[in-house]
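Every heavy atom of this structure was used, including side-chain atoms; hydrogens, water molecules and symmetry mates were not. We number each residue from 1, following the sequence as shown. Owing to the predicted nature of the structure, the values given are computational and were not obtained by experimental measurement.
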Amino acid sequence: MVVMHIVEERDMDRVFKLPSTTYIGGKDKALPLKEILRRLETAYCRHIGVEFMFINSLEQCNWIRQKFETPGIMEMDSEQKRLILARLTRATGFEAFLARKWSSEKRFGLEGCEILIPAMKQLIDKSTELGVESIVMGMPHRGRLNVLANVCRKPLEQIFTQFAGLEAADDGSGDVKYHLGTYIERLNRVTNKNIRLAVVANPSHLEACDPVVQGKTRAEQFYRGDGEGKKVMSMLLHGDAAFCGQGIVFETFHLSDLPDYTTHGTIHIVANNQIGFTTDPRHSRSSPYCTDVARVVNAPIFHVNGDDPESVIHVCNVAAEWRATFHKDCVIDIVSYRRNGHNEIDEPMFTQPLMYRKIRNTKPGLQLYAEKLIKEGTVTPEEVKDVADKYEKICEEAYTNARKETHIKYKDWLDSPWSGFFEGKDPLKVSLTGIKEDTLVHIGKRFSSPPPNAAEFVIHRGLERILKARMEMVEARIADWAMAESFAFGSLLKEGIHVRLSGQDVERGTFSHRHHVLHHQLVDKATYRPLCFLYPDQAPYTVSNSSLSEFGVLGFELGYSMTNPNALVCWEAQFGDFNNTAQCIIDQFISSGQAKWVRQSGLVMLLPHGLEGMGPEHSSARLERFLQMSSDDPDYFPPESEEFAVRQLHDINWIVANCSTPANYFHILRRQIALPFRKPLVIMTPKSLLRHPEAKSSFDEMVEGSEFLRVIPETGVASQNPSSVKKVVFCAGKVFYDIKKARGARELDNDIAIARVEQISPFPFDLVKRECAKYPNAQLTWVQEEHKNQGAWSYVQPRFNTALNNTRVVT
């Protein structure tokens with residue numbers, strides 16, 4: 001029988017024993033029902049809403065409850081309140097100053113969510129108190145200038161000169177001011193500890209920098225030996241519409257707990273304007289909250305009213321402590337509004353008239369908080385005015401100084417400086433890439449051997465055959481593609497260069513050719529990584545299968561490569577054409593990063609490429625797209641000199657290659673580190689050549705004295721009698737072997753010379769000119785396996801004309 005009991009007014013004074021699952025009692029074990037309800041409402045029904053009951057850890061749920069239910073836990077002393085007021089005053093004053101001085105400029109101000117600045121500063125204070133020494137931040141454009149000024153404390157003069165339209169004193173195209181990043185080392189005045197802050201530059205693609213930040217953070221943790229993320233952390237800022245609308249947010253969340261990608265907890269802050277440009281939430285998401293994507297990784301979500309600064313600061317303290325305790329992600333959703341339109345010259349009343357009528361009648365957050373503190377006697381009106389006047393004076397002085405500047409410097413906005421890397425280096429001197437034969441043999445034998453305890457480690461029979469074939473190659477002094485790659489990686493590891501290879505199924509290799517991780521056939525998770533055990537004092541080697549993501553993982557590896565120039569960071573696509581889902585990272589960051597943000601990266605993209613009957617999705621890595629984005633001038637033949645090749649590399653935005661020999665692949669990988677600067681490298685890697693009997697290289701092509709060949713000239717019988725050669729065929733990559741086979745089958749070895757353009761961009765004008773001059777009577781032809789409107793043809797055709805000064809036709 002069920003007995004119903006209706007709670008009446010007289011029950012409100014009844015005392016109930018509190019269960020052990022609640023913290024509202026403090027030291028009390030029992031409370032009147034009235035007080036129980038009051039305390040629960042204080043914790044959960046005011047200006048903070050906590051989503052955490054979906055977390056499948058009782059310990060974590062109880063930890064959160066304690067932070068919000070404990071009586072008096074949100075109380076603050078007058079010093080803390082004054083600090084909040086001062087920081088809120090600076091955040092508000094900065095936007096007001098910019099609005100007065102540059103009223104018609106776009107700046108994507110923070111009006112309506114100025115509390116973001118005190119929130120970030122509190123997160124930094126609490127995190128440094130808990131041991132964090134470096135914070136990497138990523139954010140969209142809304143509020144970026146305010147963050148740079150008041151969180152990072154970037155000199156105001158440098159920010160104000162960005163409004164003046166001055167010429168740059170250094171090279172590059174630059175970027176709009178609200179995309180720029182920075183790097184600052186400074187003393188945290190609250191904790192009296194040094195802190196390093198980096199804000200990563202970001203394009204207009206609002207969430208695109210999320211994985212870049214994570215990769216940069218992970219790399220910093222790795223090089224510091226910070227295996228638990230106690231010293232380095234990431235902080236990501238988001239807009240509400242982008243957070244739920246952009247798939248990269250989901251991809252980045254799914255990296256958060258993967259062993260080789262975790263940053264041990266990221267604090268996410270959503271500046272929730274409750275609108276996306278002109279789109280209402282009911283049209284921009286299907287879930288109740290913009291933060292629901294975070295639930296997939298069991299991240300607690302703290303919704304907080306942006307007009308209640310003390311609640312915001314409490315939530316920030318909890319978030320910092322959560323990250324330090326559990327090393328997992330969490331989300332702070334600052335529910336606020338956008339006082340102006342999408343930018344300062346936009347009219348929001350066109351599309352949200354009711355909302356903006358209400359906003360215009362809403363007092364600014366600073367005014368509300370100042371009135372509250374004056375009313376409770378914490379500050380006087382004079383003190384409030386004094387704080388505002390002091391900051392106004394600071395801004396005016398900086399403005400006066402900024403007007404004296406005649407140039408801006410892009411390097412002032414560099415987000416990843418490489419201390420000591422460029423100093424004392426000849427910018428045009430390349431180290432040698434050939435290595436001692438003893439090193440090749442040593443690496444080859446280790447790469448071809450089972451683990452030392454082979455009797456206990458059961459290897460797959462197919463792998464035993466592969467290892468045996470590898471050992472036979474070492475004895476014969478030849479290398480296939482996988483062996484040459486291991487020589488490049490192993491020799492760099494020997495020299496103290498960290499090597500990281502990441503991507504889908506890279507441990508084995510999509511085409512089962514690499515096998516950098518051997519698996520015990522009888523014991524789960526028992527593995528052996530031969531390249532990790534080449535030398536006792538070698539650098540670490542990381543090879544990791546990634547999640548099934550391109551956008552997120554390529555962004556992550558780009559961020560990783562930005563941190564330390566003395567590392568070879570490679571991302572391999574499962575098939576080359578899969579790079580198209582990472583196109584944003586390629587276009588907005590990799591191809592243009594140095595021009596926009598003075599940021600160098602030696603990231604290597606390995607893109608399996610070749611039209612080999614595997615269908616439209618597994619054939620072309622879209623070589624033409626990378627070449628179209630190469631920055632060299634097709635009509636300019638640089639002056640020929642000994643430094644011709646390296647000067648070309650120095651001046652271009654990236655390197656695009658399609659190697660046809662394992663030796664050249666070996667050299668181009670090592671050259672990434674041998675260069676006195678860093679450039680991204682895009683390689684069309686082979687599929688059928690991985691096992692092609694002719695696609696092997698002698699050790700002679702990799703030992704000391706050998707180097708990367710930008711063009712591999714004809715070396716057969718045709719080269720011995722060049723004047724009688726009827727046709728010179730230029731090509732790149734795998735198609736060379738097809739042409740060579742057809743030439744032999746038709747007995748045309750005397751009549752046709754084949755030259756391979758291994759480095760397509762920057763274009764080897766000098767070597768192409770030399771090769772053409774060698775065959776004065778020959779017809780010149782470019783051959784490619786791709787369709788005419790794809791591949792390298794559109795790129796090489798005008799450059800052939802330039803190399804030959806339009807004296808001969810290339811068809």
Side-chain angles (χ1 to χ4, degrees), residues 170-172 421-435 565 594-595 598 600-602 626-627 629-659 661 663-664 666-683 701-715 719 722 728 730 732 753 755-776 780 782 792 795-808 810:
D170 38 12
D171 292 335
F421 176 67
F422 298 104
E423 284 79 3
K425 271 198 178 106
D426 181 340
L428 297 175
K429 186 171 182 359
V430 187
S431 303
L432 301 173
T433 54
I435 59 175
Q594 183 171 356
V598 208
Q600 293 194 16
S601 164
F626 295 97
L627 294 174
M629 288 190 283
S630 293
S631 64
D632 60 333
D633 184 346
D635 303 321
Y636 175 66
F637 191 146
E640 292 186 69
S641 68
E642 286 184 15
E643 297 164 342
F644 183 91
V646 67
R647 194 176 288 280
Q648 273 195 308
L649 296 173
H650 178 274
D651 293 345
I652 202 162
N653 60 325
W654 61 12
I655 305 160
V656 183
N658 190 359
C659 300
T661 70
N664 243 7
F666 161 84
H667 283 294
I668 202 168
L669 289 176
R670 284 186 51 79
R671 191 181 70 175
Q672 282 298 95
I673 299 300
L675 290 169
F677 45 81
R678 293 291 174 259
K679 297 285 175 174
L681 169 63
V682 182
I683 309 183
E701 298 170 58
M702 293 175 277
V703 294
E704 291 175 316
S706 63
E707 63 180 355
F708 176 71
L709 303 175
R710 292 176 292 141
V711 171
I712 301 180
E714 172 65 60
T715 55
S719 66
V728 178
F730 287 92
R756 290 169 264 176
V757 181
E758 301 279 292
Q759 176 182 293
I760 307 172
S761 180
F763 190 73
F765 291 100
D766 54 335
L767 300 183
V768 166
K769 175 185 169 186
R770 186 185 310 166
E771 191 68 1
C772 291
K774 185 177 177 180
Y775 303 96
L780 305 178
W782 173 264
Y795 176 86
V796 300
Q797 184 187 25
R799 288 166 177 81
F800 268 113
N801 294 337
T802 300
L804 301 171
N805 201 20
N806 291 303
T807 56
R808 295 169 74 180
V810 180

**Request:** Examine the side chains of Tyr795 and Ser630 and answer whether a donor and an acceptor come within less than 3.5 Å of each other.
**Result:** no
Donor-acceptor pair, side chain of [X] and main chain of [Y], under 3.5 angstrom:
X	Y	answer
Lys425	Phe421	yes
Arg808	Cys772	yes
Glu771	Pro713	no
His667	Glu701	yes

Please report the interatomic distance [atom1]([X]) to [atom2]([Y]), rounded to the nearest 0.5 Å.
X	Y	atom1	atom2	value
Ser706	Ile435	OG	CD1	8.5 Å
Arg710	Leu649	CZ	CG	8.0 Å
Leu681	Leu669	CG	CG	7.0 Å
Phe708	Glu758	CZ	CD	6.0 Å
Cys659	Ile712	SG	CD1	8.0 Å
Arg799	Asp632	CZ	CG	4.0 Å

**Request:** Give the C-alpha distance, both sets of side-chain angles, the deciding distance and a yes or no for side-chain contact (heavy atoms from CB on, under 4.5 Å) between Val430 and Glu707.
**Result:** CA-CA 11 Å; Val430 187; Glu707 63 180 355; over 6 Å; no
A side-chain contact here means heavy atoms from C-beta on lying under 4.5 Å apart; do [X] and [Y] qualify?
X	Y	answer
Val757	Val796	no
Glu704	Leu432	no
Arg770	Val711	no
Leu428	Pro676	no
Glu714	Lys774	no
Arg678	Ser601	no
Leu767	Leu709	no
Phe637	Asn805	no

List the atom of [X], the atom of [Y], and the distance in Å for their closest heavy-atom pair.
X	Y	answer
Thr802	Pro634	OG1-O, 2.5 Å
Ala732	Ile760	CB-CD1, 4.1 Å
Thr661	Asn664	OG1-N, 3.1 Å
Ile673	Pro565	CD1-O, 4.1 Å
Gly602	Gln672	O-NE2, 3.1 Å

**Asked** Near Glu423 CD, under 6.0 Å, is it more than 12 heavy atoms from other residues, nucleotides or ligands?
**Response** yes
**Message:** Between Gln594 and Phe677, does the side-chain contact (heavy atoms from CB on, under 4.5 Å) criterion hold? Intermediate values first, please.
**Reply:** CA-CA 11 Å; Gln594 183 171 356; Phe677 45 81; over 6 Å; no
**Message:** Using the ring-ring contact (aromatic ring centres under 6.0 Å, His included) definition, which of the options Trp782, Phe800, Phe763, Tyr775 pairs with Phe730?
**Reply:** Phe800
**Asked** With sequence neighbours left out, what residues match Ser631 under side chain to side chain contact (heavy atoms under 4.5 Å, CB included)?
**Response** Ile652, Asn653
**Message:** If the condition is side chain to side chain contact (heavy atoms under 4.5 Å, CB included), which residues does Pro638 pass it with, not counting sequence neighbours?
**Reply:** Tyr636, Phe644, Gln648, Phe765
**Request:** Return the set of residues passing ring-ring contact (aromatic ring centres under 6.0 Å, His included) with Phe626 (not counting sequence neighbours), or none when no residue passes.
**Result:** Trp654
**Prompt:** Between His650 and Glu643, is a side-chain contact (heavy atoms from CB on, under 4.5 Å) present by the stated rule, with each step listed?
**Reply:** CA-CA 10 Å; His650 178 274; Glu643 297 164 342; over 6 Å; no
